[in-house]
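Okay, structure first, notes after.
Labels below follow one simple rule: chain letters A, B, ... track the order of the sequence lines, proteins then strands, and each chain is numbered from 1.
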Protein chains: 2
Amino acid sequence: MKLGEGVEAAIHCAAMLAGVEGNSTMAASAMAEAFGLSPSYLLKHLNMLSAARILESVSGPAGGYRLARPAERISLLDIVLAVEGREPAFRCGEIRRNGPVTFDASAYVKPCGINAAMLKAERAYRAALAEAKLSDIVATYAAEGDPRSLAASCAFVERHQRPQKSSSTKQA
Amino acid sequence: MKLGEGVEAAIHCAAMLAGVEGNSTMAASAMAEAFGLSPSYLLKHLNMLSAARILESVSGPAGGYRLARPAERISLLDIVLAVEGREPAFRCGEIRRNGPVTFDASAYVKPCGINAAMLKAERAYRAALAEAKLSDIVATYAAEGDPRSLAASCAFVERHQRPQKSSSTKQA
DNA sequence: GATTTTTTACTCGGATAAATAATGTCCGAGTGGAGTTGG
DNA sequence: CCAACTCCACTCGGACATTATTTATCCGAGTAAAAAATC
C-alpha cells in the first residue's frame with residue numbers, strides 16, 4: 001500500500017502543462033527544474049503519460065510535452081493508472097486452493113469473497129480519483145493558492161513554454 | 001499502487017481464526033499448511049496482527065493464535081493497516097517548494113491541492129474497507145461458498161484448534 | 001539576394017546500474033505437558 | 001499410589017540472506033532550426 005514517488009511528479013507536471021497556451025509545449029528539463037527533480041528520471045514518468053495518451057511529445061530543439069486533451073477531460077485516475085499500472089492493487093493469489101486437500105475447479109466458480117471486498121473498496125478509490133479532474137486542481141490552486149506562488153508559477157510557464165508552428169498558434 | 005502479498009494471507013488467516021470456538025487457538029503452522037504458505041514467513045505477518053491488537057498469541061506446545069475481539073469488530077481496514085502500515089499511500093513530498101525560486105513558509109500554509117485530492121480518495125478507500133467486517137466475510141463464505149470447500153474448512157478448523165485451559169472453555 | 005544543402009544543437013526514448021523494499025529462511029527465548037523419580 | 005521434579009518437544013519472536021521492485025543515470029535515435037555554401 002504505497003504509491004510510487006513518480007505519481008506526485010506526474011500530477012504536478014500535468015497541472016503545470018495545463019497552464020500552457022494553445023499547442024505550445026514545455027521541455028521536461030524545465031519541469032524538472034521547477035520541482036527540483038532529476039531530469040532523466042522525470043522523463044520516464046512523462047513517457048508513461050505519453051504512452052497512455054495523456055500527454056503528447058514533440059521532438060526537436062523546440063520540442064517538449066503538452067496535454068493531449070483538455071484538462072477537463074483528464075482525471076487524476078488517468079494519471080495514477082498510467083504511472084502505477086492498470087492492474088488492481090490487491091491481487092488475489094487464490095491461496096484458498098493451495099491447501100492440502102484440493103477440489104476440482106467446480107468448487108471455485110464463485111469468486112473469493114475477500115477478493116470481492118478488496119476490489120469493491122478499490123472501485124471506491126478509483127471512483128473518487130476519476131471525479132477529480134485536472135482542471136479542478138488548477139482552479140483550486142488559482143483560487144486558494146498563495147498569490148506569490150501563483151504569480152511565480154504563471155511567470156515560469158510563460159517563460160518556458162515554446163510555441164509550435166505546425167498548427168495555428170491562435171495568436172492574433 | 002500495489003499491496004503486499006501478505007495482506008491476502010493475513011485476511012484468510014483471520015477469517016479462519018474466526019471459526020475457532022471460545023478461546024481456543026490455532027498454530028501458525030496449521031494455517032500455513034491450509035493455504036500452502038511458508039510457515040516462517042506467515043509468522044511475520046501474524047506477528048504484525050498481534051502487535052496491532054487484532055490477534056492474540058499464546059506460546060507453548062498447545063499455543064497458537066486467536067482473535068483478540070469478536071469478528072464483528074474487526075474490519076478489513078484494521079488488517080490492511082496492520083500489515084501494510086498506517087501511513088497513507090500517497091506521500092506528498094512538497095515538491096512544489098523545490099523550485100529555483102523559494103518563498104518563506106507563509107506561502108505554503110495552504111495544503112497542497114493535489115495532496116488533498118489524493119487523500120480524499122484514500123479516505124473513500126479506507127471507509128469502504130472499514131465497512132467490511134470480518135464477520136461479513138465469513139457469513140458470505142458460509143452462505144455462498146461451495147459446500148464441499150466449506151465442509152473441508154470447518155473440518156480443518158475442528159481438527160487443528162487447541163482448547164486453552166486458563167479461562168473457562170465454556171464446554172459443559 | 002534567394003535557395004538548397006549541410007551542420008548542429010536540442011529534444012525525447014529506451015537500455016543500463018545502484019538503492020531500496022519486499023520476500024523468504026533460519027535460529028533462539030519461552031512455555032506447557034509428559035515422563036520420571038522419590039516419597 | 002501420589003506428588004514433585006526434570007526434561008523435552010512445541011510454540012512464537014526477532015535477526016539474517018535472497019530476490020524483486022523502484023529509483024536514478026547514461027547514451028543513442030530523431031528532428032527542427034540555424035548556419036553555410038551555391039546559384
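- Across every non-hydrogen atom of B:L67 and B:A18, the tightest pair is CD1-CA, 3.6 Å.
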Anything under 3.5 Å between a protein N or O and an N or O of nucleotides 20-24 of chain D, put it in a table, one pair a line.
{"unit_1": "D:dT23", "atom_1": "OP1", "unit_2": "A:E5", "atom_2": "N", "d": "3.0"}
{"unit_1": "D:dT23", "atom_1": "OP2", "unit_2": "A:Y41", "atom_2": "OH", "d": "3.4"}
{"unit_1": "D:dT23", "atom_1": "O5'", "unit_2": "A:Y41", "atom_2": "OH", "d": "3.4"}

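- Rounding to whole angstrom units, CG of residue B:N47 and P of D:dA15 are separated by 11 Å.
- Between the CG atom of B:L55 and the C1' atom of D:dT11 there is a distance of 15 Å, rounded to whole Å.
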- Check the pair B:R69, B:D78 against salt bridge (charged side-chain N to carboxylate O under 4.0 Å, His left out), reporting the backbone distance first and the verdict last. CA-CA 12 Å; B:R69 55 181 184 267; B:D78 298 328; 3.4 Å; yes
- Message: Test salt bridge (charged side-chain N to carboxylate O under 4.0 Å, His left out) on B:R96 and A:D146; report intermediate values, then the result.
- Response: CA-CA 12 Å; B:R96 58 178 179 173; A:D146 185 84; over 6 Å; no
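- The interatomic distance linking B:H160 (NE2) with D:dT11 (P) rounds to 10 Å, in whole Å.
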- Stepwise side chain to side chain donor-acceptor pair (under 3.5 Å) check, A:R148 with B:S106: CA-CA 10 Å; A:R148 291 168 290 174; B:S106 65; 2.9 Å; yes
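- Heavy-atom neighbours of B:R159 CZ from other residues, nucleotides or ligands within 6.0 Å: above the threshold of 12.
- Under the side chain to side chain donor-acceptor pair (under 3.5 Å) test applied with B:T25, the options B:R162, B:H160, B:Q164 reduce to a single match, B:Q164.
- Contact of the B:M31 side chain with the B:L17 side chain is registered, since non-hydrogen atoms from C-beta on lie closer than 4.5 Å.
- Nearest heavy atom pair, residue B:S135 against residue B:E72, reads OG-CA, 3.5 Å.
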Distances for protein N or O near nucleotides 33-36 of chain D N or O, under 3.5 Å:
{"unit_1": "D:dA33", "atom_1": "OP2", "unit_2": "A:K165", "atom_2": "NZ", "d": "2.8"}

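- The two residues A:A130 and A:S75 have their closest heavy-atom pair at O-CB, 3.5 Å.
- Atom CG of B:L43 is separated from atom P of D:dC10 by 16 Å (rounded to the nearest Å).
- Residue-level contact check: A:S40 touches the bases, meaning some heavy atom is under 4.0 Å from a base atom.
- Think of the region where chain B sits on DNA chain C: with heavy atoms and a 4.0 Å cut, that region ends 5' and 3' at C:dT23 to C:dG33.
- Under a cut-off of 6.0 angstrom, the local environment of CD in A:E131 is sparse, with at most 12 non-hydrogen atoms contributed by other residues, nucleotides or ligands.
- Ion pairing between B:E122 and B:K120 fails under the 4.0 Å rule for side-chain N and carboxylate O.
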